[in-house]
Amino acid sequence: MSENKKDPSLWEGFKTFLMRGNVVDLAVAVVIGAAFTNIVNSVVQGIINPLVGAIGTKNLDNYSSCIKEPCRGTGATAEGVRIMWGSVLGATLSFVITAAVVYFLMVLPMAKYLARQAARQKEKESTHEVIEVTELEVLKEIRDALVAQRGSGHTER
């Protein structure tokens with residue numbers, strides 16, 4: 001049995017994939033995330049590291065604990081076995097700062113904005129409903145008045 005139905009070409013499938021909205025959104029998020037990373041790194045290097053440097057060394061990567069002697073040298077010339085807890089601390093601080101900035105500058109304002117929009121929409125819908133009910137009540141009263149007028153046998157000219 002042969003199928004006359006033609007499979008979409010590779011190029012058509014690729015175009016369809018690219019035209020999906022979530023692919024474009026993801027690309028924008030990656031670009032903004034990369035730019036945002038530079039801001040966070042600047043905050044860590046310009047503010048956090050100098051504050052830590054006031055106590056000890058300016059570079060958190062230099063903080064470590066020796067678990068096997070001899071612990072001499074740094075970088076490629078280091079001897080012994082060290083736990084580089086300063087690097088972990090620096091990465092943790094970067095993460096916390098990034099999360100705080102994203103939450104307080106992006107997530108929280110957007111949540112408040114969406115809540116206000118939802119409240120306005122709900123208020124608008126309830127006002128519209130009240131107006132519809134009021135109009136319906138007026139029409140019922142007019143109908144009842146007309147029925148009562150006909151029922152009493154009075155005709156106005």
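- Residue-environment remark: CG (Leu10) stays at or below the threshold of 12 foreign heavy atoms within 6.0 Å.
- To the nearest 0.5 Å, atoms CD (Glu141) and CG (Asp144) are separated by 8.0 Å.
- Cluster partners of Leu114, by chain and number: Met110, Tyr113. The rule joins Ile, Leu, Val, Met, Phe, Trp and Tyr whenever side-chain heavy atoms lie under 4.5 Å apart.
- Through direct or indirect side-chain contacts shorter than 4.5 Å among Ile, Leu, Val, Met, Phe, Trp and Tyr, Phe95 is connected to Val96.
- Here the rule is side-chain contact (heavy atoms from CB on, under 4.5 Å) with Val28, and of Leu26, Ile32, Val31 only Ile32 fits it.
- For the side-chain contact (heavy atoms from CB on, under 4.5 Å) with Arg120, the qualifying choice from Lys122, Glu123, Lys124, Gln117 is Gln117, the only one to do so.
- Applying the side-chain hydrogen bond (donor to acceptor under 3.5 Å, both in side chains) rule to Thr37 yields no partners; only residues at least two apart in sequence or on another chain are considered.
- Residues Pro109 and Phe104 come closest through the heavy atom pair CD-O, 3.4 Å.
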